[in-house]
Amino acid sequence: MSAKKSSLYESLTESGAIALAKRLQLFEENSNLTCNEIGDGNLNLVFKLNDIETGEGIIIKQALPYAKVIGESYPLTLDRSRIEATALLKQGEFVPQYVPKILYTDDQLAITIMEDLSRLQIARTALIEGKDLPLLSKHIGEFLAKTLFYTSDYGLNQHSKKSLVKQFINPDLCKITEDLVFTDPFFNHDSNDYEPELGPDVERIWQDQALKLEVAKLKQKFLTKAEALLHGDLHTGSIFADDKETKVIDPEFAYFGPIGFDIGQFIANLLLNAISRDTENQEVLYTHIETTWNVFAKEFTTAWKKDALEIFTKVDGYLEHVLSEIFEEAIGFAGCEIIRRTIGLAHVADLDSIQPYEKRIVTKQIALSLGSELIKNQKNITKPEQFKEYVKQAVTL
Ligand SMILES: Nc1ncnc2c1ncn2[C@@H]1O[C@H](COP(=O)(O)OP(=O)(O)O)[C@@H](O)[C@H]1O
Ligand SMILES: CSC[C@H]1O[C@H](OP(=O)(O)O)[C@H](O)[C@@H]1O
């Protein structure tokens, strides 16, 4: 079986990508172009085209009718390309400074052509190399506050919100998250992938009924709480950054879900990087986590006070209630992301590149313990400053 595709669809080759770019007059007809397929993600093709003389470049991203990392046995809708391009354009209305410029889209060919961001570095790689990325959390806090507030029922009128929800019905990609983040890691499922030394720790997770009850509640929120237009996969591999600039890419998992999910995924990936470091180098990550939340809360509050449309937003205590629910859910979602990145199908280089092997195993044990603690203690962690304490507690378990 394969995903539905139009008769116009064909997957691009490097020479096909050059021909397309010239046909679209994105370069001069006689320009001398190079093209390389550079996709290192799990799902799509990414072609980087450069003009040899001027150095100018563009990126052509194309969805395949299946998940690249698994192969044709895992059909996947091409509609994710439309969703990704539409989400980038929508986010660009609120925070153009934090998303790539879109040059062209074609839903039939499942193609998005965008600005080449190669001047920046993928944040995960930069953090693994020990870079600080000083503005990362300030920028992501603002990205989160504005994209989430202005697509929520607080910031949109009822009809506009519903019509936007219709454009972002994304069942295939949501199913991946429902399975890989919220289900498989908590059961003995074939998709799980972990070192044999982690067997007893994994078994403990599968047996932990209190943990599984909390995961069930979080999964239910992911399934039903259409609060705002999420990025849907906001890990540090979906962010380009340097010391001054930040750009968020790859929102093909976008759908209307709980605001805390985007925040939780980002925080989880900062924590995964933190625990991969020696203790003395972890502080910068905890500061990033605090800043992400503080900037998010400040910008969300500003938008609420300035632009809220919902009449109840004027009621004392409602904003505080909404923010504390978002925070609590973010902690729980962060715990699920940490566990799935440790023992599920899709790992992260922060953990998998740790040497020697014994240190990698110990760090993964810490990750599992930390993920479980966050899920079970959502209600007790009420401030971002408390993360450090919980990590320390998890390390000593
Ligand atoms: N706009 C861009 N500029 C430069 N490189 C990009 C751009 N978009 C994607 N890439 C490269 O392609 C890789 C995969 O892109 P991504 O959108 O994450 O694909 P996938 O959807 O398969 O995960 C990124 O890690 C990055 O190296
Ligand atoms: C079979 S998809 C696994 C995993 O990959 C996605 O990430 P990315 O597109 O950035 O490579 C997403 O996190 C999925 O859970």
Side-chain angles (χ1 to χ4, degrees), residues 11 17 35-50 56-64 66-78 80-81 83-85 87-88 92 98-104 110-126 128 170 172-185 190-193 222 230-242 245-255 261-262 264-266 268-269 272 333 336-349:
S11 63
C35 176
N36 296 297
E37 202 283 308
I38 57 163
D40 60 358
N42 288 320
L43 299 177
N44 303 297
L45 297 174
V46 179
F47 298 93
K48 178 171 154 56
L49 282 75
N50 283 93
E56 275 172 31
I58 58 164
I59 293 291
I60 303 184
K61 179 166 175 179
Q62 185 179 39
L64 291 163
Y66 52 87
K68 190 177 76 178
V69 70
I70 301 173
E72 295 190 35
S73 64
Y74 199 109
L76 208 52
T77 178
L78 292 173
R80 67 188 193 272
S81 176
I83 298 233
E84 172 164 346
L88 284 169
Y98 300 137
V99 288
K101 288 191 191 68
I102 302 302
L103 308 173
Y104 176 81
I111 274 174
T112 307
I113 305 187
M114 67 187 113
E115 174 188 6
D116 183 358
L117 299 169
S118 305
R119 63 182 181 281
L120 308 175
Q121 193 178 15
I122 288 289
R124 187 184 306 288
T125 315
I128 290 173
N170 197 358
D172 276 24
L173 285 279
C174 284
K175 175 82 167 96
I176 292 179
T177 306
E178 288 152 24
D179 289 346
L180 297 188
V181 178
F182 291 109
T183 311
D184 299 356
D190 282 351
S191 72
N192 291 327
D193 176 17
F222 184 84
L230 307 189
H231 175 283
D233 193 26
L234 192 58
H235 58 86
T236 46
S238 297
I239 300 170
F240 270 104
D242 68 5
E245 226 187 333
T246 305
K247 296 274 183 185
V248 177
I249 61 164
D250 199 17
E252 70 195 305
F253 285 76
Y255 87 112
F261 184 74
D262 272 359
Q265 283 218 313
F266 180 60
N269 281 272
L272 285 164
F333 290 134
C336 296
E337 172 74 358
I338 289 174
I339 290 178
R340 78 96 170 205
R341 291 295 190 183
T342 311
I343 59 172
L345 176 94
H347 286 203
V348 289

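Counting starts at 1 for both ligands and their atoms, in listed order. Residue numbers run from 1 in the order of the sequence given.
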Return the residue, atom name and 0.1 Å-rounded distance of the protein heavy atom closest to atom 11 (C) of ligand 1. Ile38 CD1, 3.7 Å

Per-atom contacts, ligand 1 versus Glu252 - under 4.0 Å to a heavy atom: 21 (O)

Closest non-hydrogen protein atom to atom 10 (O) of ligand 2, residue and atom name please, with distance? His235 NE2, 2.8 Å

Using a 4.0 Å cutoff against the non-hydrogen atoms of Glu252, which atoms of ligand 2 qualify? 9 (O)

Which pair of non-hydrogen atoms, one from Pro100 and one from Met114, has the smallest distance, and what is that distance? CG-SD, 3.9 Å

Is there any N or O on Ile249 that sits under 3.5 Å from an N or O of ligand 1? no

Those atoms of ligand 1 less than 4.0 Å from some heavy atom in Asn42: 22 (O), 23 (O)

Counting only heavy atoms, which portion of Ile122 has something under 4.0 Å from ligand 1: side chain, backbone, both, or neither? side chain

Which heavy atom of the protein is the closest neighbour of atom 26 (C) of ligand 1, given with residue, atom name and distance? Phe240 CZ, 3.8 Å

Are any of the N/O atoms in Ser238 less than 3.5 Å from those in ligand 2? no

Any idea which atoms of ligand 1 are less than 4.0 Å away from a heavy-atom of Asp116? 3 (N), 4 (C)

Phe240 and Thr246, any side-chain heavy atoms less than 4.5 Å apart: no

Measure the spacing between CD of Glu252 and CG of Asp233 and express it to the nearest 0.5 Å. 7.0 Å

For ligand 2, which atoms sit closer than 4.0 Å to a heavy atom of Gly41? 11 (O)

Would you call the rings of Phe261 and Phe333 parallel, tilted or perpendicular, where under 30° means parallel and over 60° means perpendicular? perpendicular

Which protein heavy atom lies closest to atom 22 (O) of ligand 1, and at what distance to 0.1 Å? Asn44 N, 3.0 Å

Atom 13 (C) of ligand 1 [closest protein heavy-atom partner, distance rounded to 0.1 Å]: Asp40 OD1, 3.0 Å

Residues Lys48, Asp116: salt bridge by 4.0 Å N-O rule: yes

So for Phe253, does at least one of its heavy atoms come nearer than 4.0 angstrom to any atom of ligand 2? yes

Contacting atoms of ligand 1, where contact means under 4.0 angstrom from a heavy atom of Leu43: 22 (O)

Between Ile59 and ligand 1, find which residue part has any heavy-atom pair under 4.0 Å and reply side chain, backbone, both or neither. side chain

Considering only the protein, which heavy-atom contact is closest to atom 1 (C) of ligand 2, and what is its distance? Leu345 CD2, 3.8 Å

On a heavy-atom basis, the closest approach of Glu37 and Phe47 is CG-CE2, 3.8 Å

Any donor-acceptor pair under 3.5 Å linking the side chain of Asn192 with the backbone of Asp184? yes

Can you tell which of Met114, Glu37, Lys61, Glu115 gets a heavy atom nearest to atom 19 (O) of ligand 1? Lys61

Expected output: side-chain Asp172 to main-chain Thr77 donor-acceptor under 3.5 Å: yes

Of all the non-hydrogen atoms in the protein, which one sits nearest to atom 15 (O) of ligand 2, and at what distance? Arg340 NH1, 2.8 Å

Nearest to atom 2 (S) of ligand 2, what protein heavy atom do you find, and at what distance? Leu43 CD2, 3.8 Å

Please report the closest heavy-atom contact between Asp262 and Gly232, naming both atoms and the distance. OD1-N, 3.0 Å

Protein contact to atom 7 (O) of ligand 2 [nearest heavy atom, distance to 0.1 Å]: Asp233 OD2, 3.1 Å

Pair Glu115-Leu103, side chain to side chain contact (heavy atoms under 4.5 Å, CB included): steps then yes or no: CA-CA 7 Å; Glu115 174 188 6; Leu103 308 173; 5.7 Å; no

Closest approach of any protein heavy atom to atom 5 (O) of ligand 2, naming residue and atom: Asn42 ND2, 2.7 Å

With heavy atoms and a 4.0 Å threshold, my read on which part of Val46 contacts ligand 1 is side chain

Sidechain-backbone polar pair: His347 side chain, Asp193 backbone, donor-acceptor under 3.5 Å: yes

Please find the pair of heavy atoms, one from Ser11 and one from Leu64, that lie closest to each other, and give the distance. CB-CD2, 3.9 Å

Touching ligand 2 at all, Arg341? Heavy atoms, strictly under 4.0 Å? yes

Separation of Leu78 CG from Ile83 CD1 (nearest 0.5 Å): 12.0 Å

Minimal heavy-atom distance between Asn44 and Gln62, with the atoms involved, is CB-O, 3.5 Å

Nearest-neighbour protein heavy atom for atom 3 (N) of ligand 1, which is reported as residue plus atom name and distance: Leu117 N, 2.8 Å

Has ligand 1 got any nitrogen or oxygen that is less than 3.5 angstrom from a nitrogen or oxygen of Ser118? no

For atom 9 (O) of ligand 2, grab the closest protein heavy atom and report residue, atom and distance to one decimal in Å. Asp250 OD2, 3.4 Å

For atom 23 (O) of ligand 1, what is the closest protein heavy atom, and at what distance to 0.1 Å? Asp250 OD2, 3.1 Å

Test side chain to side chain contact (heavy atoms under 4.5 Å, CB included) on Leu43 and Asp250; report intermediate values, then the result. CA-CA 10 Å; Leu43 299 177; Asp250 199 17; over 6 Å; no

Which heavy-atom pair separates Ile102 from Thr112 by the least distance, and what is that distance? CD1-CG2, 4.0 Å

